[in-house]
Amino acid sequence: MRLIVVSNRVTIPDRQEKATAGGLAVALREALEQHGGLWFGWSGGISDAAVHDIRQIQRGNVTYAVTDLSEAERQSYYLGFSNRALWPLMHYRLGLTDFQRSDYMGYLGVNRRFARALASLIQLDDVIWIHDYHLIPLAAELRRRGVTNRIGYFHHIPWPSADVIGALPFSGTLIRTIAAYDLVGMQTELDVRNLIGGLEALCGGRRDGQRVRVGTRETEVQAFPIGIDVEGFRRLATASTRQAPTPLRATRESLGERKLVVGVDRLDYSKGIVQRLEAFGEFLRSHPEHRGKVSLLQIAPPSRSDVPEYAELDRLSDEVAGRLNAQLGEFDWTPIRVVKKAYSRNALAGFYRRAEVGLVTPMRDGMNLVAKEYVAAQNPADPGVLVLSRFAGAAQQMREALIVNPYDAHEVADAIRTALAMPKTERIRRFEALYTTIAAADIDWWTQRYLDALTGRAGVPGVEAEREKPRTGTRRPARTAVITKRPSQDGKSRKVSKESPRKPEALAASHLAVVRP
Ligand code: F6P
């Protein structure tokens with residue numbers, strides 16, 4: 001079997017890139033290396049040549065096949081339909097959704113062009129794994145060209161209910177194309193329920209357990225909560241304390257003994273950055289004893305800045321941070337620092353480890369890997385506390401975080417205070433439970449589990465209805481039968497065996513309710 005991965009953007013690795021690439025890119029590359037494979041998608045470049053060449057670049061066992069977009073395609077397919085219609089809609093932001101027929105035509109056109117190019121590269125026993133909302137109709141376009149291979153799709157962002165999706169013109173036609181996939185992976189059980197509900201309500205689909213029949217096709221829809229390279233990130237963070245990268249060293253020097261609250265997000269309205277700044281201001285106003293003793297560092301690399309809503313967020317976040325610093329700061333203390341640039345994974349791991357509080361408060365998020373990275377980076381002997389939005393997919397697994405409603409500035413402010421005052425024993429207890437959870441469902445587990453389900457190598461057990469009921473109290477994560485690694489207080493990782501009737505996949509899928517511990 002050869003694996004073909006398709007994603008909107010494809011980054012061709014250079015020699016240094018291994019160290020900076022995120023967990024998903026590394027995990028997919030590893031899967032491709034293992035099986036031998038092809039990674040297909042947009043090069044990230046723009047060229048207006050009438051015929052768009054496919055460039056193939058070989059790296060080890062993997063062929064990267066990339067194409068440029070024309071400026072018109074970038075406007076309609078990427079900025080327009082993907083990021084001004086689908087992105088806000090999928091993040092429950094109907095008010096921001098801007099639908100233009102011409103963008104939708106451009107979106108379909110790029111999917112058709114990708115399918116045409118890809119179809120000529122596909123061999124008989126290839127397994128195809130397509131990622132992200134930019135490429136929903138790609139399988140249908142491939143099927144139209146006679147491709148009969150197994151094709152899977154993974155949806156990295158939330159999937160809202162049929163009521164919300166149904167507001168999109170042509171939503172029934174678009175969603176029906178989902179049925180061309182053999183397996184659809186979502187981040188959470190809520191997303192699974194919403195997608196299946198949408199297929200039933202908008203496309204006349206019929207559900208049979210985790211399978212949905214639409215017309216003549218049957219598709220399996222399951223939750224595969226994405227993880228990170230927990231062990232790798234833990235190692236990065238441990239190393240950062242010994243060989244502090246320059247930004248971290250400078251931050252340490254300027255902070256001195258002050259406590260640090262950290263947020264790291266692409267500059268995107270779904271991440272709740274402005275609301276987070278306001279909540280931090282509320283915390284300082286309602287708990288003045290903390291003034292001068294704690295700072296918020298918000299790292300927010302700019303993203304999709306050609307989309308007007310992102311440009312507005314850029315302006316607004318500066319304005320809010322400026323206002324709060326002017327109102328609450330002192331000549332020798334800046335309460336909030338917003339840094340709009342990207343840092344290396346090394347530096348991020350160091351910031352997370354230095355921060356007493358990780359503030360991860362998206363208004364809506366498919367999973368949110370920063371929450372997992374923050375936990376993986378902590379010093380087991382003196383860990384920080386994660387404050388996590390109930391609307392991040394990660395909240396369904398990471399129950400020992402302080403779970404908050406990001407729309408309620410007072411609640412977030414209270415959680416920051418609670419986190420800063422939390423006794424060490426409780427911090428360690430919460431950290432250990434969280435670490436165990438994320439280590440049991442890391443990025444390798446995710447890749448393997450998805451590919452096993454797609455290739456039919458493993459039956460993936462369904463999720464029992466009982467686990468979908470909201471929980472009403474603090475619980476430790478379910479014990480699992482896997483051997484996983486847990487960091488010891490000396491910072492080295494030890495193998496620990498956890499006993500339970502539950503399988504690791506059940507563990508990750510089981511944390512469905514939002515509970516404030
Ligand atoms: O979370 C969805 C996603 O499309 C990721 O796959 C991607 O890395 C991220 O958003 C950033 O998107 P863009 O390519 O638009 O910068």
Side-chain angles (χ1 to χ4, degrees), residues 6 86 89-92 107-108 111 115 127-144 147-226 366-367 393 396 446 449-469 505-506 508-510 512:
V6 189
L86 286 181
L89 187 83
M90 298 276 184
H91 286 86
Y92 298 63
Y107 175 84
L108 294 178
N111 273 275
V127 167
I128 304 160
W129 189 6
I130 296 168
H131 291 259
D132 256 338
Y133 56 102
H134 315 77
L135 301 172
I136 291 171
L138 188 56
E141 291 296 338
L142 289 168
R143 299 284 183 224
R144 195 170 295 163
V147 173
T148 55
N149 303 52
R150 298 280 296 170
I151 310 181
Y153 171 71
F154 189 79
H155 189 73
H156 288 260
I157 63 176
W159 191 288
S161 71
D163 276 355
V164 177
I165 286 282
L168 184 77
F170 305 106
S171 51
T173 320
L174 176 64
I175 292 164
R176 174 176 281 272
T177 65
I178 282 272
Y181 291 98
D182 297 296
L183 175 69
V184 174
M186 312 300 279
Q187 297 279 22
T188 68
E189 287 300 321
L190 174 66
D191 302 317
V192 168
R193 283 200 297 274
N194 283 341
L195 172 57
I196 294 179
L199 287 167
E200 287 173 323
L202 303 168
C203 315
R206 275 180 296 113
R207 175 184 193 155
D208 176 11
Q210 300 266 13
R211 306 185 71 79
V212 196
R213 173 169 283 277
V214 180
T216 56
R217 284 207 57 90
E218 204 171 79
T219 300
E220 182 120 13
V221 185
Q222 303 227 12
F224 297 85
I226 195 167
M367 177 53 59
Q396 300 186 14
W446 177 81
R449 184 169 164 257
Y450 186 92
L451 286 176
D452 283 353
L454 179 58
T455 55
R457 274 198 303 261
V460 180
V463 177
E464 299 140 32
E466 175 263 316
R467 282 193 235 121
E468 301 184 10
K469 288 185 196 146
E505 54 267 34
S510 68
L512 290 163

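- Residues Gly366 and Thr188 come closest through the heavy atom pair O-CG2, 4.2 Å.
- No donor-acceptor pair under 3.5 Å is formed between the side chain of Asp191 and the backbone N or O of His156.
- With Arg217 contributing its side chain and Ala179 its backbone, the two residues share a donor-acceptor pair below 3.5 Å.
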For side chain to side chain contact (heavy atoms under 4.5 Å, CB included), just list the numbers for His155 and Ile157, CA-CA rounded to whole Å, side-chain angles, deciding distance to a tenth of an Å, and then say yes or no.
CA-CA 6 Å; His155 189 73; Ile157 63 176; 3.4 Å; yes
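- A distance-only check finds a donor-acceptor pair linking the side chain of Arg176 to the backbone of Cys203 [under 3.5 Å].
- Taking the six-membered ring wherever Trp is involved, the centroid distance between the rings of Trp159 and Tyr133 does not fall below 6.0 Å.
- Atom CG of Asn194 and atom OG of Ser161 lie 5.5 Å apart (nearest 0.5 Å).
- Between the side chain of Tyr181 and the main chain of Ile136, a donor-acceptor pair closer than 3.5 Å is present.
- Remark: side-chain polar atoms of Trp129 are not paired, donor with acceptor, to backbone N or O of Leu451 under 3.5 angstrom.
- Interatomic distance, Asp182 CG to Ile128 CD1, rounded to the nearest 0.5 Å: 9.5 Å.
- Taking the six-membered ring where the residue is Trp, His131 and Phe154 present tilted rings, their angle falling between 30° and 60°.
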Going through the distances and angles, do Asn149 and Val127 end up as a side chain to side chain contact (heavy atoms under 4.5 Å, CB included)?
CA-CA 6 Å; Asn149 303 52; Val127 167; over 6 Å; no
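- Remark: Leu195 CG to Ile175 CD1 distance equals 7.5 Å, nearest 0.5 Å.
- Looking at every heavy atom in both residues, Val184 comes nearest to Phe224 through O-CE1, 4.5 Å.
- A distance-only check finds no donor-acceptor pair linking the side chain of Arg213 to the backbone of Arg206 [under 3.5 Å].
- Contact record, Ile226 with Trp446: CA-CD1, 3.3 Å, taken as the closest heavy-atom pair.
- Nearest approach of Arg143 to Ala180, heavy atoms of both residues: NE-O, 2.9 Å.
- Side-chain atoms of Arg150 come within 3.5 Å of backbone atoms of Leu454 as a donor-acceptor pair (strictly under, hydrogens ignored).
- For the atom pair Leu199 CG and Arg207 CZ, the distance stands at 10.5 Å (nearest 0.5 Å).
- Heavy atoms only, all atoms of each residue included: Pro137 and Leu174 are closest at CG-CD1, 4.0 Å.
- Checking side-chain atoms of Tyr450 against main-chain N and O of Leu183 turns up a donor-acceptor pair under 3.5 Å.
- For the atom pair Ile196 CD1 and Gln222 CD, the distance stands at 9.0 Å (nearest 0.5 Å).
- For the residue pair Pro225 and Arg449, the shortest heavy atom distance occurs at CD-NH1, 4.1 Å.
- Expressed to the nearest 0.5 Å, how far CD of Gln187 lies from CE of Met367 amounts to 4.5 Å.
- Partner of Leu138 under the side chain to side chain contact (heavy atoms under 4.5 Å, CB included) criterion, out of Thr177, Ile151, Val6: Val6 alone.
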